[in-house]
Amino acid sequence: MSRIELLAPAGDLERLKIAVLYGADAVYIGGKQFSLRSRASNFDLEAIEEGVKFAKAHGARVHVTVNIIPHEDDLEELEEYLKALERIGVHAIICASLSVVRCAKRVAKNLEVHISTQHSTTNSKAIDFWKSEQADRVVLARECSLDQIKSVAQHASLPLEVFIHGGMCISYSGRCTLSNHMTTRDANRGGCAQSCRWKYRLLEKDEFIHDDKHLFSMSSKDLMAASYIQDLIKANIASLKIEGRMKSPYYLATVVRAYRMLIDAIYEKSLDDEKMKMILDELSRSENRPTANGFYEGLPKAYDQLYGVNGAGVTQEYIASILEYDKKSHMATIQVKNHFEMSIPVEVFGPDHTHAMTLNPCYDENGAEVEVANKPMQILKTRIDFEVKENDMIRKIIDKSDRHVY
């Protein structure tokens with residue numbers, strides 16, 4: 001049996017390349033049309049084609065979301081779009097509408113069809129139905145517990161995909177209409193305004209009952225399911241999915257790299273407590289919201305939610321990316337991502353290495369020494385005494401006691 005797939009998100013071509021380089025077996029992206037998270041997508045057909053070529057060159061696959069719940073006018077040009085994806089070499093589409101499934105099977109037979117979590121599949125009989133419609137994979141609802149996932153997997157007639165990391169919906173995934181009602185932005189057509197994360201004043205009859213210092217919100221903590229990966233592998237799940245097409249390249253590099261290490265360690269039977277602790281610490285460094293178990297242990301409890309706070313917590317540990325490296329002079333060209341000062345302890349990391357060092361002096365394009373890097377996207381040069389590569393990243397080393405791990 002083949003190894004389980006690690007499936008990562010990408011909002012543009014840069015992030016697709018990062019996800020692949022840092023260990024994703026497949027990447028899912030959205031096009032300009034027919035995709036939820038449409039605001040996150042920079043992928044026209046030309047970019048999709050370039051992404052497919054890059055992924056294939058590195059042994060990875062590209063899945064494209066065609067997962068809106070279409071209204072009548074959304075179906076225009078669907079056939080031509082699916083034919084174009086097939087011609088480009090896209091591996092699979094992810095969809096929630098039966099009309100899209102049937103259209104793909106009629107006009108683009110080489111595309112795998114994966115049923116989106118938007119369809120809230122929670123049992124094997126529903127999977128049997130999707131098999132009768134010639135679907136190739138089903139993404140289970142994020143509201144399934146681990147025991148339910150195992151039970152469904154025992155009876156499933158199609159390969160299964162499950163979410164393991166990232167944002168969770170406060171409602172049953174795909175069923176909320178708050179955004180539609182409050183902003184006229186249709187959540188099921190790619191425009192969710194995430195109204196659940198707003199701050200609200202609460203009234204009972206005509207009396208305010210909220211705390212002015214902590215207005216009410218109803219956001220969920222993000223999912224982090226690293227502790228369940230061994231169980232999911234044993235259950236013969238086909239694919240492990242990371243959420244986050246709107247997340248940064250650093251987030252993707254950190255999260256994909258951590259799960260890649262975890263999956264490989266499980267198959268190589270080298271996972272021990274020390275390595276697991278290191279992987280969990282790595283996941284905690286991903287510029288993320290607080291995390292919880294989602295539905296893996298059953299219905300979430302109050303501490304799995306973020307009442308009164310939005311929970312966003314960017315650490316600003318990520319300070320620069322490597323653009324190029326001269327092996328002879330040991331000089332690296334870097335691009336500034338966050339404010340930093342010189343001579344601080346840092347880690348330089350890539351897909352398969354992590355090196356600690358003290359940051360050497362940096363120089364601008366005129367050769368002048370920079371005391372403080374405070375211009376985002378500025379290009380600097382600095383000496384690094386070990387070999388690094390393009391797309392490696394630099395982050396501050398922060399005392400663990402100063403960083404919240406959830």
Side-chain angles (χ1 to χ4, degrees), residues 3-10 15 18-27 60 142 146 149 161-168 221-235 237-244 247-297 304 311 313-315 317-318 345-356 391-406:
R3 285 194 176 196
I4 202 165
E5 175 185 83
L6 180 60
L7 177 59
R15 284 174 278 185
I18 289 293
V20 170
L21 290 172
Y22 278 78
D25 299 303
V27 179
R142 287 182 286 186
L146 179 62
I149 291 170
E161 179 176 305
V162 298
F163 278 89
I164 58 166
H165 201 94
M168 295 287 285
K221 290 181 180 178
D222 282 1
L223 170 65
M224 196 280 285
S227 300
Y228 306 100
I229 302 305
Q230 292 192 74
D231 292 308
L232 295 171
I233 290 174
K234 290 178 182 177
I237 298 302
S239 181
L240 303 176
K241 189 170 195 172
I242 298 166
E243 183 275 340
K247 296 293 177 62
S248 71
Y250 173 71
Y251 174 91
L252 285 177
T254 307
V255 173
V256 171
R257 179 174 180 258
Y259 280 107
R260 178 79 276 152
M261 289 189 291
L262 175 56
I263 292 167
D264 290 348
I266 291 170
Y267 280 107
E268 293 162 6
K269 302 187 185 305
S270 62
L271 183 65
D272 54 24
D273 290 344
E274 183 178 352
K275 183 171 289 186
M276 188 65 181
K277 183 179 179 182
M278 180 271 291
I279 290 168
L280 292 174
D281 182 65
E282 185 72 9
L283 288 169
S284 76
R285 305 185 69 169
S286 60
E287 288 189 345
N288 205 357
R289 294 154 52 84
T291 60
N293 297 326
F295 285 78
Y296 274 85
E297 296 293 341
D304 297 316
V314 177
T315 64
E317 293 180 32
Y318 172 38
V346 298
E347 285 179 338
V348 183
F349 73 95
D352 54 5
H353 72 91
T354 302
H355 288 89
N391 293 311
D392 285 359
M393 299 184 183
I394 306 175
R395 65 187 174 196
K396 299 175 185 177
I397 296 178
I398 295 179
D399 191 311
K400 293 181 182 180
S401 63
D402 294 332
R403 187 172 64 245
H404 297 292
V405 180
Y406 297 87

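- Remark: Arg260 is not positioned above the aromatic ring of Tyr22, lacking an NZ or CZ atom under 6.0 angstrom from the ring centre and at most 45 degrees off the axis.
- The only option from Leu280, Asn293, Val255 that meets the side chain to side chain contact (heavy atoms under 4.5 Å, CB included) definition with Met224 turns out to be Leu280.
- Between Met393 and Arg257 the shortest side-chain heavy-atom distance does not fall below 4.5 Å.
- Among Leu240, Ile164, Asp264, Thr254, the single residue meeting the side chain to side chain contact (heavy atoms under 4.5 Å, CB included) criterion with Tyr259 is Ile164.
- Using cut-offs of 30° and 60° on the angle between ring planes, the pair Tyr250 and Phe349 is perpendicular.
- Ion pair Arg395/Glu282 flagged as a salt bridge, since at least one NZ, NE, NH1 or NH2 atom sits closer than 4.0 Å to an Asp/Glu carboxylate oxygen.
- In this structure the side chain of Lys275 reaches within 4.5 angstrom of the side chain of Ser270, judged on heavy atoms.
- Surrounding CD of Glu268 are more than 12 heavy atoms belonging to other residues, nucleotides or ligands, all under 6.0 Å away.
- Here the closest non-hydrogen pair linking Ile4 and Tyr267 is N-OH, 2.9 Å.
- One distance of note links NE2 of His165 with OG of Ser286; it measures 4.5 Å at 0.5 Å rounding.
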_Candidate pair Met168 and Phe163, rule side-chain contact (heavy atoms from CB on, under 4.5 Å), full reasoning_ = CA-CA 10 Å; Met168 295 287 285; Phe163 278 89; 6.0 Å; no
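- With a 4.5 Å cut-off on side-chain heavy atoms, Val162 and Ser239 do not count as touching.
- The closest side-chain heavy-atom distance from Glu243 to Leu223 is not below 4.5 Å.
- For the atom pair OH of Tyr296 and OG of Ser227, the computed distance is 11.0 Å after rounding to the nearest 0.5 Å.
- A 6.0 Å sphere centred on CG of Asp273 holds no more than 12 heavy atoms belonging to other residues, nucleotides or ligands.
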